[in-house]
Q: 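The structure's right below; bear with me while I get my questions together.
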Amino acid sequence: MKDIIRMKTSLSEEIETMLNNQVKMEAKSSSIYLSMAAYCDQLGFENSSEFFFKQADEERQHMLKIFRYIADAGGTPVTPEVTDIPQEFESFKGVFESALEQEIEVTKAINKIVSVAYKEGDHASANFLQWFVREQQEEEFTARKRVELFEVIGEDGVGRYMIDQKVPDIGPPAEPAM
Ligand code: FEO
């Protein structure tokens with residue numbers, strides 16, 4: 001029975017499991033960003049709150065993208081249960097440090113799936129995941145820049161207010177000139 005099920009999908013069991021774990025990771029990221037949005041709102045940092053609301057939406061889109069890929073490849077996507085979402089953070093700066101750590105973990109997880117996909121000769125999955133490789137490059141870059149704002153501007157006086165103003169302005173890295 002198990003073998004017949006596997007004939008219906010182009011995914012190996014290992015890749016399917018890894019992709020489902022990634023679905024869960026993206027769903028969890030989405031919920032954590034939502035929690036960060038609420039925390040920043042409570043502190044009065046409206047731009048940062050808005051930014052994290054958008055991030056929460058983006059992560060949900062990432063989750064759906066992988067979920068659909070599993071389904072389209074004939075696999076069985078697992079609707080994720082998301083638990084252990086922090087409701088409080090150490091500080092305004094701590095939120096951005098956590099966001100960066102989270103993105104670094106996602107990058108590592110994506111890279112692992114790509115490596116296994118190549119090892120198995122699953123070029124379709126490796127190809128599909130290239131979008132995420134690029135996305136993570138951008139997200140890590142911008143998350144790092146946001147943490148740097150705390151060093152560049154400083155938190156004293158109107159510093160945190162200024163940081164909140166700058167948070168939405170951080171864009172992706174410039175494309176290399178051709
Ligand atoms: Fe979809 Fe930034 O993790």
Side-chain angles (χ1 to χ4, degrees), residues 17-71 77-114 125 128-155 158-175:
T17 301
M18 289 180 100
L19 288 172
N20 270 317
N21 286 341
Q22 198 58 38
V23 164
K24 193 167 184 169
M25 199 172 195
E26 303 289 344
K28 188 162 184 175
S29 292
S30 176
S31 293
I32 294 174
Y33 278 137
L34 203 54
S35 185
M36 288 174 171
Y39 178 79
C40 288
D41 182 58
Q42 279 166 4
L43 293 181
F45 298 119
E46 286 175 21
N47 293 307
S48 300
S49 174
E50 206 45 50
F51 165 74
F52 284 121
F53 270 118
K54 281 194 193 126
Q55 283 297 109
D57 249 356
E58 270 194 28
E59 298 303 347
R60 180 175 158 75
Q61 290 307 315
H62 296 173
M63 185 265 287
L64 289 173
K65 218 174 164 97
I66 302 169
F67 194 94
R68 278 182 186 273
Y69 175 77
I70 299 168
V78 179
T79 305
E81 271 183 51
V82 178
T83 53
D84 298 326
I85 304 302
Q87 302 297 328
E88 281 189 24
F89 299 87
E90 208 181 294
S91 60
F92 185 42
K93 183 183 179 186
V95 169
F96 289 92
E97 288 172 338
S98 298
L100 174 58
E101 279 169 25
Q102 181 172 298
E103 292 301 341
I104 290 171
E105 289 310 308
V106 172
T107 302
K108 283 185 195 164
I110 295 282
N111 285 343
K112 263 187 207 157
I113 314 174
V114 174
S125 295
F128 163 73
L129 288 164
Q130 286 311 310
W131 184 89
F132 286 88
V133 171
R134 179 73 189 138
E135 179 72 10
Q136 280 313 117
Q137 237 181 327
E138 277 190 24
E139 293 210 328
E140 254 193 58
F141 173 87
T142 55
R144 209 163 267 126
K145 289 283 169 205
R146 286 188 191 92
V147 171
E148 282 171 14
L149 287 177
F150 288 82
E151 306 306 323
V152 174
I153 298 175
E155 292 188 72
V158 293
R160 275 184 270 184
Y161 172 80
M162 296 294 291
I163 291 166
D164 184 53
Q165 299 292 306
K166 285 275 177 199
V167 161
D169 296 341
I170 306 284
E175 289 289 335

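Computed from heavy atoms alone, side chains included, the values below leave out hydrogens, waters and symmetry copies.
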Q: Can a salt bridge be assigned to the pair Lys65 and Glu58 using a cut-off of 4.0 Å between side-chain N and carboxylate O?
A: no
Q: OG of Ser48 to CD of Gln55: how many Å apart, nearest 0.5 Å?
A: 11.5 Å
Q: Could you walk me through whether Val78 and Ile70 satisfy the side chain to side chain contact (heavy atoms under 4.5 Å, CB included) test, starting with their C-alpha distance in whole Å, then the side-chain angles of each, then the deciding distance to 0.1 Å, before giving a yes or no?
A: CA-CA 9 Å; Val78 179; Ile70 299 168; over 6 Å; no
Q: Work out which heavy atom in Gln87 is nearest to a heavy atom in Ser35; give both atom names and the distance.
A: CA-OG, 3.5 Å
Q: Quick check on the 6.0 Å ring-centre criterion: do Phe96 and Phe52 meet it?
A: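 Yes, the ring of Phe96 comes within the 6.0 Å limit of the ring of Phe52, centre to centre.
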Q: Can you measure from CD1 (Ile163) to CD (Glu151) and round to the nearest 0.5 angstrom?
A: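 Reported to 0.5 Å precision, the distance equals 9.0 Å.
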Q: Is the number of heavy atoms from other residues, nucleotides or ligands within 6.0 Å of NZ (Lys145) greater than 12?
A: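 Count not over threshold, so no.
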Q: Calculate, to the nearest 0.5 Å, the distance between atoms CD and OG belonging to Glu155 and Ser91 respectively.
A: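 Going from CD on Glu155 over to OG on Ser91, the span is 6.5 Å.
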Q: So how far is it from Ile110 CD1 to Met18 CE, rounded to the nearest 0.5 Å?
A: 10.0 Å
Q: Between Glu140 and Arg144, does any NZ, NE, NH1 or NH2 come within less than 4.0 Å of an OD or OE carboxylate oxygen?
A: yes
Q: Has Glu46 got more than 12 heavy atoms of other residues, nucleotides or ligands less than 6.0 Å from its CD?
A: no
Q: Say you draw a straight line from CZ of Phe67 to CG of Leu19; how long is it, rounded to the nearest 0.5 Å?
A: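 Those atoms lie 12.0 Å apart.
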Q: Taking the inter-plane angle between the rings of Phe128 and Tyr69 on a 0 to 90° scale, is it parallel (under 30°), tilted (30 to 60°) or perpendicular (over 60°)?
A: parallel
Q: Give, for atom CG of Asp169 and atom OG1 of Thr142, the distance between the pair rounded to the nearest 0.5 Å.
A: 12.5 Å
